[in-house]
Amino acid sequence: MNPVYLIYFVLIVIALIILFAFVRCFFKRLKCMLSIRAMCRRNGFTLTVKHPLWFLGSRYARRCDCIIQTPGEVFGVKLFGCLWATKALILREYGEYIFRGHATFIKFIIDFIDSWPHMLPEYRFEFRKSGLPAGTPVRRVLLINPMPLEIRMQPNNGQEEISGTGDMIRGMEIASLSHLIRIAESAK
């Protein structure tokens, strides 16, 4: 067997694994969009989207992706996703985040992409332009979809602790899709 074909085979397998992660993320985000729209329609909430493909929101884009207006509160939602289901997301108190890999088939390649520290941008939640009445309670939500294997918080110079939905990071509440639907429906 020619070694060039083996190299091509390995590259095709790696490309298929990476493509699978993006396809998985796309369908998770599509399900997220449909669930949020169904919740808003069912409860009579107002959904204001900030751009046409809001459900594909990037963690690097600075603007929020959608605003959910309930009778009691307003939720500014910023989408943040984890491509790899076997990763742990570590959020540090000062806004840095890192993905830590667990055992994966091509861990060395995936860790090369995600394993260095990134800073959470200063996300802009523009509520004034959406015509809200003065004094309306506003909640900033960091919607993590798709979810990683685990979420950990690390305070300044402290130990990492297992975290989850409902915790705060830089003025935003960490939420999964089910947590967002639960808090939005309880705010009516």
Side-chain angles (χ1 to χ4, degrees), residues 14 17-18 20-22 24-29 31-33 35-36 50-51 53-68 73-127 137-184 186-187:
I14 291 171
I17 291 171
I18 293 172
F20 173 75
F22 280 100
R24 175 186 161 270
C25 183
F26 174 77
F27 283 110
K28 292 273 188 178
R29 289 287 180 91
K31 180 185 176 220
C32 174
M33 177 194 67
S35 297
I36 289 174
K50 293 300 184 175
H51 47 91
L53 297 174
W54 67 272
F55 67 97
L56 297 177
S58 168
R59 61 181 171 226
Y60 305 110
R62 293 183 179 269
R63 62 183 172 182
C64 76
D65 295 308
C66 69
I67 294 175
I68 301 170
E73 284 184 279
V74 175
F75 298 91
V77 178
K78 176 62 190 154
L79 285 163
F80 185 97
C82 179
L83 281 178
W84 308 100
T86 59
K87 293 264 187 177
L89 172 62
I90 292 96
L91 296 166
R92 298 194 173 128
E93 188 174 349
Y94 51 89
E96 190 176 76
Y97 68 93
I98 189 168
F99 289 100
R100 182 179 300 139
H102 294 282
T104 59
F105 179 63
I106 55 170
K107 184 179 183 308
F108 63 96
I109 293 175
I110 295 170
D111 282 346
F112 177 74
I113 297 168
D114 266 345
S115 66
W116 63 83
H118 304 279
M119 286 298 290
L120 278 173
E122 288 292 328
Y123 295 126
R124 293 187 309 260
F125 293 90
E126 299 163 351
F127 297 110
V138 173
R139 288 171 86 170
R140 291 165 173 80
V141 177
L142 185 66
L143 177 60
I144 300 179
N145 186 282
M147 287 289 285
L149 185 64
E150 66 182 0
I151 300 172
R152 295 180 166 265
M153 295 284 284
Q154 182 181 18
N156 288 340
N157 299 324
Q159 292 286 345
E160 292 177 3
E161 298 172 355
I162 293 179
S163 177
T165 57
D167 288 339
M168 300 293 283
I169 181 80
R170 295 185 81 180
M172 297 176 289
E173 182 177 352
I174 299 170
S176 64
L177 178 60
S178 60
H179 180 75
L180 174 66
I181 290 173
R182 188 171 47 251
I183 62 175
S186 68

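All residue numbers refer to positions in the sequence shown, counting from 1. Excluded from the calculations below are hydrogen atoms, water molecules and symmetry mates; all remaining heavy atoms, backbone and side chain alike, are included. Computed from a prediction, not measured in an experiment: that's the story for all the values here.
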Between Ile181 and Ser35 the two heavy atoms that sit nearest each other are CD1-CB, 4.0 Å

Go through Val77 and Trp54 one step at a time and tell me if the side-chain contact (heavy atoms from CB on, under 4.5 Å) criterion holds.
CA-CA 10 Å; Val77 178; Trp54 67 272; 6.0 Å; no

Can you check whether Tyr60's main-chain N or O pairs, donor with acceptor, with Tyr123's side chain at less than 3.5 Å?
no

First locate atom CE of Met119, then atom CD of Glu96, and finally report the distance between them rounded to the nearest 0.5 Å.
6.5 Å

In terms of the angle between their ring planes, are Phe80 and Phe99 parallel, tilted or perpendicular, with boundaries placed at 30° and 60°?
parallel

State which residues pass salt bridge (charged side-chain N to carboxylate O under 4.0 Å, His left out) with Glu93; sequence neighbours excluded, sorted by chain then number.
none

Are Leu180 and Ile68 side-chain neighbours, meaning at least one heavy-atom pair lies under 4.5 Å?
yes

Heavy-atom closest pair (Ser186 atom, Ile183 atom, distance to 0.1 Å) is OG-O, 3.0 Å

Please identify each residue that fulfils side-chain hydrogen bond (donor to acceptor under 3.5 Å, both in side chains) with Arg63, with sequence neighbours left out.
none

Please check this pair: side chain of Asp65 against backbone of Lys78, looking for a donor-acceptor N/O pair closer than 3.5 Å.
no

Please assess Glu173 against Arg139 for the test salt bridge (Lys or Arg N to Asp or Glu O under 4.0 Å), listing each intermediate value before the final yes or no.
CA-CA 8 Å; Glu173 182 177 352; Arg139 288 171 86 170; 2.7 Å; yes

Do Arg29 and Phe55 form a cation-pi contact, if we require the NZ or CZ to be under 6.0 Å from the six-membered ring centre and within 45 degrees of the ring's axis?
no

For side-chain contact (heavy atoms from CB on, under 4.5 Å), just list the numbers for Ile36 and Leu177, CA-CA rounded to whole Å, side-chain angles, deciding distance to a tenth of an Å, and then say yes or no.
CA-CA 8 Å; Ile36 289 174; Leu177 178 60; 4.0 Å; yes

Considering all heavy atoms, the nearest Ile174-His179 contact:
O-CD2, 4.0 Å

For the student: nearest non-hydrogen atoms of Lys87 and Cys82, plus distance:
CB-SG, 4.0 Å

Sequence neighbours left out, what passes side chain to side chain contact (heavy atoms under 4.5 Å, CB included) with Ser163? Give chain and number order.
Ile151, Met153, Asp167

Nearest heavy atoms of Leu79 and Cys32, plus distance in Å
CD2-SG, 4.3 Å

Compare every heavy atom of Pro148 with every heavy atom of Leu89, then report the nearest pair and how far apart it is.
CB-CG, 3.8 Å

side-chain contact (heavy atoms from CB on, under 4.5 Å) between Ile162 and Glu150, intermediate numbers included:
CA-CA 7 Å; Ile162 293 179; Glu150 66 182 0; 4.3 Å; yes

Under a 4.0 Å threshold between the charged nitrogen and the carboxylate oxygen, would Glu161 count as salt-bridged to Arg152?
no

Side-chain touch Glu73/Val138, heavy atoms, less than 4.5 angstrom:
no

Run the side-chain contact (heavy atoms from CB on, under 4.5 Å) check on Leu83 and Phe22 step by step: do they pass?
CA-CA 7 Å; Leu83 281 178; Phe22 280 100; 3.6 Å; yes

Any side-chain heavy-atom pair of Tyr97 and Arg59 under 4.5 Å:
yes

